Amino acid sequence: MNYKDFGLVNTRAMFADAIARKYAVPAFNFYNMETLSAILEAARTTHSPVILAVSESAMKYMGDDLLMGMIWGKKFTPESGVALHLDHGGSFEACAHAIELGFSSVMIDGSKLPFEENVALARRVAELAHAHDVSVEAELGTLAGIEDENTHSETSSYTDPADVIKFVEQTGCDSLAIAIGTSHGAYKRKSDDEKLRFDILAEIADKLPNFPLVLHGASSIPQHFVKTINEFGGDIAGARGIDPTQLRMATEMNICKINVDSDSRLAFTAGIRRNLAEKPAGFNPRDYLGAGRKLIVENCIDEIKNIMGSDNKLN
Ligand code: G3H
Ligand code: 13P
Ligand code: ZN
């Protein structure tokens, strides 16, 4: 099926507006009914466009039928401002499958490949995607951290601004994920002194004026969730994220999509741990999953307003 049958939109108009009005469209990952409905409630409450991001492992976890059944059930229209995006597609086949299912946007992540191979793969995906009016994100530079359940990169390399024009021209991608110091997972920085490389971002934005740039690994790891999780039996001492002020600054420099997964995972876990600890006799999953879901809604609303700046941007 085509994504238009699901009332979804691709990311092209979203990003054009985000660049013009200097905000970022949130890309929140989901993997079950609670996370999907929480993200949509936050977007609706704040009148924000939203990108629903699904990793390959999350697709496998939900199953194609339940995943697309939930999307179908929401009865979106183009006015809903919702894109369904494959996050970190690892192969041409994975992207082709997502397009066939009804995704409106795909990321082909060839960032660990040599430059020419990354270009060739992204170009092949872009040709297929564009034939279906689906938008394509590609990545240059690598982020440290857990990218999915199968790959774990210990090292990172910043995006080289000298490569970006050639990469975008040769691949035909619609947006570019760059590495400027963010990383996946909950342990991003050892100290507050570690800052994003705004010098690299400025150089890239200068070389690609008005071109949509994407930040992965951009969770801010709210410390109240870390505290709650540790207080109620967890052990994630030292979890630390990206400074929200720096993320906000990045939205002024053509970063028009900000990816957040870990923050929602922490919110969900914090709510569930607290609920189970405070109600030792409870065993109703709707009660504790609902408590986790509530914290995701609150956190997504907070980030939409205070980091992305995408509230009230639904046209
Ligand atoms: O950037 C990757 C996302 O956080 C997805 O992670 O493969 O565990 O769903 P996942
Ligand atoms: P975080 O681990 O910082 O949430 O990053 C999520 C991400 O980049 C998804 O693609
Ligand atoms: Zn990512």
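What you see is a predicted model; the values in this text were computed from it and never measured. Counting starts at 1 for both ligands and their atoms, in listed order.
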Transitive ILVMFWY cluster of Ile296 at side-chain heavy atoms under 4.5 Å: who else is in it?
Phe268, Ile272, Leu276, Tyr288, Leu289
Name the option, out of Ser55, Ser219, Ala177, that contains the heavy atom nearest to atom 4 (O) of ligand 2.
Ser219
Just jot down the ligand 2 atoms closer than 4.0 angstrom to any heavy atom of Lys188, in number order.
1 (P), 2 (O), 3 (O)
His216: numbered ligand 2 atoms lying under 4.0 Å from its heavy atoms:
8 (O), 10 (O)
Those atoms of ligand 1 less than 4.0 Å from some heavy atom in Asp261
3 (C), 4 (O), 5 (C), 6 (O)
Which atoms of ligand 1 have any heavy atom of Ser57 under 4.0 Å away?
7 (O), 8 (O), 9 (O), 10 (P)
Please note down the angle at the Zn ion (ligand 3) between NE2 of His184 and NE2 of His88, to the nearest 10°.
100°
Does Lys60 have a non-hydrogen atom less than 4.0 Å from ligand 1?
no
Checking Ser55 side chain against Ala58 main chain: does a donor-acceptor pair fall under 3.5 Å?
yes
Give yes if a backbone or side-chain nitrogen or oxygen of Gly217 is under 3.5 Å from a nitrogen or oxygen of ligand 2, and no if not.
yes
Check all N, O or S atoms of His216 and name the one closest to the Zn ion (ligand 3).
ND1
His88 to ligand 2: N or O pair under 3.5 Å?
yes
Salt bridge (charged side-chain N to carboxylate O under 4.0 Å, His left out) against Lys294, all qualifying residues, sequence neighbours excluded
Glu298
May I ask you to check whether Asn32 and Tyr61 show a side-chain donor-acceptor distance below 3.5 Å?
no
